[in-house]
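Worksheet for the structure shown next.
The chains referred to below are lettered A, B, ... by the order of the sequence lines, with proteins before strands, and numbering in each begins at 1. Side chains included, hydrogens not; waters and symmetry mates left out as well; all remaining heavy atoms used.
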Amino acid sequence: MIKSIQAVLLFLFCSSLSAVEIGDSIPSCNRLDLSEYKNKVLLVDFWATWCPPCKQSMPFLNALRNELADKGFEIIAINVDEETEVAQHFLNNYPVDYPVVFDPKGGCPLAYDVKAMPSSYFIDKKGKIRYVHLGFRQQDESEIRARVLELLKGAL
Amino acid sequence: MLWYVFIKRSCLVLFILLSAVLQVGCSVAPWERGNLAKTQMLIVPNPNRTALRRHVFDSKESSQGGMGTAGGGCGCN
């Protein structure tokens, strides 16, 4: 009896262990191979076409990426639309210069423990998560930019 | 007596397991809200049409002393 209760409690406890913390290494995710981005500051952005703030953030992120690409900054976008064709159609109309990975099954957001849409994970040159930004508003642009610049300088 | 204890314990274990399973099923992950975000999932899927109908309804009912006090049934309020 006691063992059964312990098993249930352990199950519930383990289900909450997947949470990503600041300072953690990049979670493993089948759809995403970040090995070619070593020694780069990365912004892993989770987005979907049904999420208006996600779409609103893309022109800004694209401009930021193009501005800082030669300094070692890259954005990896992970689309979580269940219908990949919809996302592909959107990208055909509104293309971005950074790589986009499609994850309709939701394995990557589960591994990253995404709490909101959009979610941006700032990863330093050593592959550690340094900051997580939830949501997007126009007022957030300066903060996102500052965080990226800090990581490029190695300040964090 | 032993059967009674066995059934009692089984029910307790089943209750705990069901609680755990139901707890998992109640949440929708943020990245799985594509269907919930569709227009047809809104309580008011067509705000303009709803506003027009409410306006007409209010105007007509006002003339009968119904909904609210604004307007006199002419439809111009």
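B/Met41 and B/Val44 are assigned to two separate hydrophobic clusters, defined by single-linkage of ILVMFWY side chains at heavy-atom distances under 4.5 Å. No continuous path of ILVMFWY side-chain contacts below 4.5 Å connects A/Val86 to A/Val100, so the two sit in separate hydrophobic clusters. In the hydrophobic clustering of this structure, A/Ile78 groups with A/Leu134; members are Ile, Leu, Val, Met, Phe, Trp, Tyr whose side-chain heavy atoms approach within less than 4.5 Å, directly or through other members.
For the pair A/Glu82 and B/Glu32, the tightest heavy-atom approach, listed with the atom from each and the gap, is OE2-O, 4.3 Å. Nearest approach of A/Val80 to B/Trp31, heavy atoms of both residues: CG2-CB, 3.8 Å. Here the shortest heavy-atom pairing between B/Pro30 and A/Trp50 reads O-CH2, 3.2 Å.
For A/Ala116, the part sitting under 4.5 Å from any heavy atom of chain B is the backbone (N, CA, C, O) and nothing else.
Within 6.0 Å of atom CD in A/Gln138, 12 or fewer heavy atoms from other residues, nucleotides or ligands are found, so the atom counts as exposed in its surroundings. By the neighbour-count criterion of 12 heavy atoms within 6.0 Å, atom CD of A/Glu83 is sparsely surrounded, having that number or fewer from other residues, nucleotides or ligands.
Interface check for chain A: of the options B/Ala29, B/Gly34, B/Ala37, the most heavy-atom pairs under 4.5 Å are formed by B/Gly34.
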